[in-house]
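Below is one structure, written out as structure tokens; the observations come after it.
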Amino acid sequence: MDDSTLLQTAVPLLTEWYRISKRTLPWRGTRDPYRIWVSEIMLQQTRVEAVKDYYLRFLQKFPTAEALAAASEEEVLKAWEGLGYYSRARNLHKAAKTVAEQGFPSTWEGVRSLAGVGDYTAGAICSIAYDLPCPAVDGNVLRILTRLFADESNTDDPKTRAEFSERLKRVYPAEAGDFCQALMELGAIVCVPNGKPLCGQCPWEELCRAHRAGEEERFPVKNEKRARKIVNAEVLVLRREGRYALEKRTEKGLLAGLWQFPFFEGSAPALGEIIALKRARHVFTHVEWHMTGKLAEAEEFYPQYVWESAETIRTAYALPSAFKAFMQWLK
């Protein structure tokens, strides 16, 4: 069976499997492009289970693009607090202002032009909201397709992504939304990224060339991962008269523009009497922070910081989850 026939045969098997086996998720069953857009942005580099509650709370607070556009950046970041990759929230907010003025675009080019929307997200929105044959090819889709074809192309090469996108365009069914989500679902619950795939549950078990060769885990072919950079840092939770010190990170780099407790790569200066110590680690994509937190009674209200009560910090300031281990010190 040649590649073209193989993929044409695989499409109806997958869509039928999806209709029977798909999970019930809060963003499924809607054609509202705003809701689909919010879900796709949240799901970028984030697990489904982590997104569910955030998605529901976010839509309760910002049920329309107009409501999101009218909010302040601080409100949006607070609603996003703990979900990570905060540039997504900023881009969502920025794009919502465009959508509020011009309406939600209905073409791939229009959706792709929104801030923070790449090829994959544009394809997913257009397929699911409008049934347009616009492939959404990410690492999950590349994994299942390279296994189906036993294709040794390097999936870190943009050319590979483009080639698989073109293959999919030629076979997209009329139910483009179901097919797009079926590819995502297969990669999420059967043809999984870590560990052995659940081939006995796969609608492509008899078609998959990698499975037939017993080489499922040899695919996809990728570049070797670089080791994460280790950053040793100290975090000061400075307390004075029931208020705590906060500072804003710079507008560029990791966690740009977000609030944090005073953070020092290396050693922190002595700004008060140390009351408690706590060690914590936070893993980013390419960096690990190894932190020593110090709760201290500040000697004065240092003017370089903003001083707020514990309640105000919890309700009004978006602190990244990297500092979650130190939040329990706020009383």
Side-chain angles (χ1 to χ4, degrees), residues 42 45-47 49-54 56-58 61 71-90 93 227-331:
M42 286 189 168
Q45 298 178 288
T46 307
R47 295 178 300 105
E49 290 304 316
V51 168
K52 285 180 181 178
D53 289 343
Y54 276 97
L56 294 171
R57 288 197 301 268
F58 196 88
K61 190 171 183 65
S72 69
E73 182 176 285
E74 287 295 336
E75 288 178 295
V76 176
L77 292 176
K78 186 63 182 175
W80 200 270
E81 184 180 32
L83 198 55
Y85 300 99
Y86 287 84
S87 61
R88 296 180 298 172
R90 286 196 173 93
H93 189 214
R228 292 190 188 97
K229 177 184 176 183
I230 304 298
V231 173
N232 293 302
E234 292 191 351
V235 178
L236 291 183
V237 180
L238 294 172
R239 181 176 67 193
R240 185 170 178 82
E241 298 176 10
R243 293 157 68 191
Y244 298 83
L246 293 178
E247 64 180 2
K248 212 169 193 182
R249 291 181 67 83
T250 62
E251 293 300 325
K252 292 185 179 180
L254 198 59
L255 303 180
L258 295 175
W259 292 95
Q260 65 181 9
F261 300 116
F263 180 92
F264 303 88
E265 291 192 22
S267 299
L271 298 178
E273 179 186 354
I274 305 301
I275 300 169
L277 293 173
K278 177 186 286 289
R279 298 192 187 279
R281 182 172 71 101
H282 192 80
V283 178
F284 299 93
T285 305
H286 302 298
V287 179
E288 282 187 31
W289 282 355
H290 293 188
M291 296 174 286
T292 299
K294 297 181 177 182
L295 175 64
E297 287 289 353
E299 295 174 353
E300 59 180 279
F301 287 114
Y302 297 104
Q304 66 268 39
Y305 303 126
V306 171
W307 295 82
E308 297 286 5
S309 69
E311 180 65 20
T312 300
I313 291 171
R314 289 194 180 96
T315 57
Y317 287 82
L319 268 69
S321 56
F323 303 104
K324 183 178 180 180
F326 311 120
M327 288 291 291
Q328 69 181 53
W329 282 337
L330 273 60
K331 304 296 184 181

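When all heavy atoms of V76 and A71 are compared, the pair lying nearest together is CG2-CB, 4.0 Å. Of all the heavy atoms in A50 and L83, the pair that sits closest is O-CD1, 4.2 Å. Contact between K52 and E49 at its shortest, heavy atoms only, is NZ-OE2, 3.0 Å. The shortest heavy-atom contact between A298 and W307 is CB-CH2, 3.7 Å. For the pair Y86 and P320, the tightest heavy-atom approach, listed with the atom from each and the gap, is OH-CA, 3.4 Å.
Using cut-offs of 30° and 60° on the angle between ring planes, the pair Y305 and Y302 is perpendicular. In this pair, Y317 and W259 present their aromatic rings perpendicular. The plane angle is above 60°, beyond the 30 to 60° band.
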Kindly list each side-chain donor-acceptor pair under 3.5 angstrom involving residues 262-281, sequence neighbours excluded, with atom names and distances?
| unit_1 | atom_1 | unit_2 | atom_2 | d |
| --- | --- | --- | --- | --- |
| R279 | NH1 | T292 | OG1 | 2.7 |
| R281 | NH1 | E288 | OE1 | 3.2 |

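Ion pairing between a basic and an acidic side chain is recognised when a charged N comes within 4.0 Å of a carboxylate O; E297 and R239 show such pairing. A salt bridge between R90 and E73 is present, with a side-chain N of the basic residue lying under 4.0 Å from a carboxylate O of the acidic one. The existence of a salt bridge linking K78 and E75 is excluded, since no basic side-chain nitrogen approaches an acidic carboxylate oxygen closer than 4.0 Å.
The six-membered or imidazole ring of F284 lies near that of H282, with a centre-to-centre distance under 6.0 Å.
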Please report the C-alpha distance between L295 and F326 in whole Å, then the side-chain angles of each, then the deciding distance to 0.1 Å, and finally whether the side chain to side chain contact (heavy atoms under 4.5 Å, CB included) criterion is met. CA-CA 8 Å; L295 175 64; F326 311 120; over 6 Å; no
Test side chain to side chain contact (heavy atoms under 4.5 Å, CB included) on V237 and F323 and set out the steps. CA-CA 10 Å; V237 180; F323 303 104; over 6 Å; no
Please report the C-alpha distance between L330 and F261 in whole Å, then the side-chain angles of each, then the deciding distance to 0.1 Å, and finally whether the side chain to side chain contact (heavy atoms under 4.5 Å, CB included) criterion is met. CA-CA 11 Å; L330 273 60; F261 300 116; 3.6 Å; yes
Between W289 and L254, is a side chain to side chain contact (heavy atoms under 4.5 Å, CB included) present by the stated rule, with each step listed? CA-CA 11 Å; W289 282 355; L254 198 59; 3.7 Å; yes
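For NE2 of H290, the number of neighbouring non-hydrogen atoms (other residues, nucleotides, ligands) closer than 6.0 Å is greater than 12.
Taking CH2 of W80 as the reference point, atom OG of S87 lies at 9.0 Å (rounded to 0.5 Å). Rounded to the nearest 0.5 angstrom, L319 CG and L77 CG are separated by 11.0 Å. One finds the CD atom of Q260 at 11.0 Å from the CG atom of L236 (value rounded to the nearest 0.5 Å).
Y244 places no side-chain N or O within donor-acceptor distance of the main-chain N or O of R240, the cut-off being under 3.5 Å. R88 places a side-chain N or O within donor-acceptor distance of the main-chain N or O of M42, the cut-off being under 3.5 Å.
Residues satisfying the salt bridge (charged side-chain N to carboxylate O under 4.0 Å, His left out) test with K324, not counting sequence neighbours, are none.
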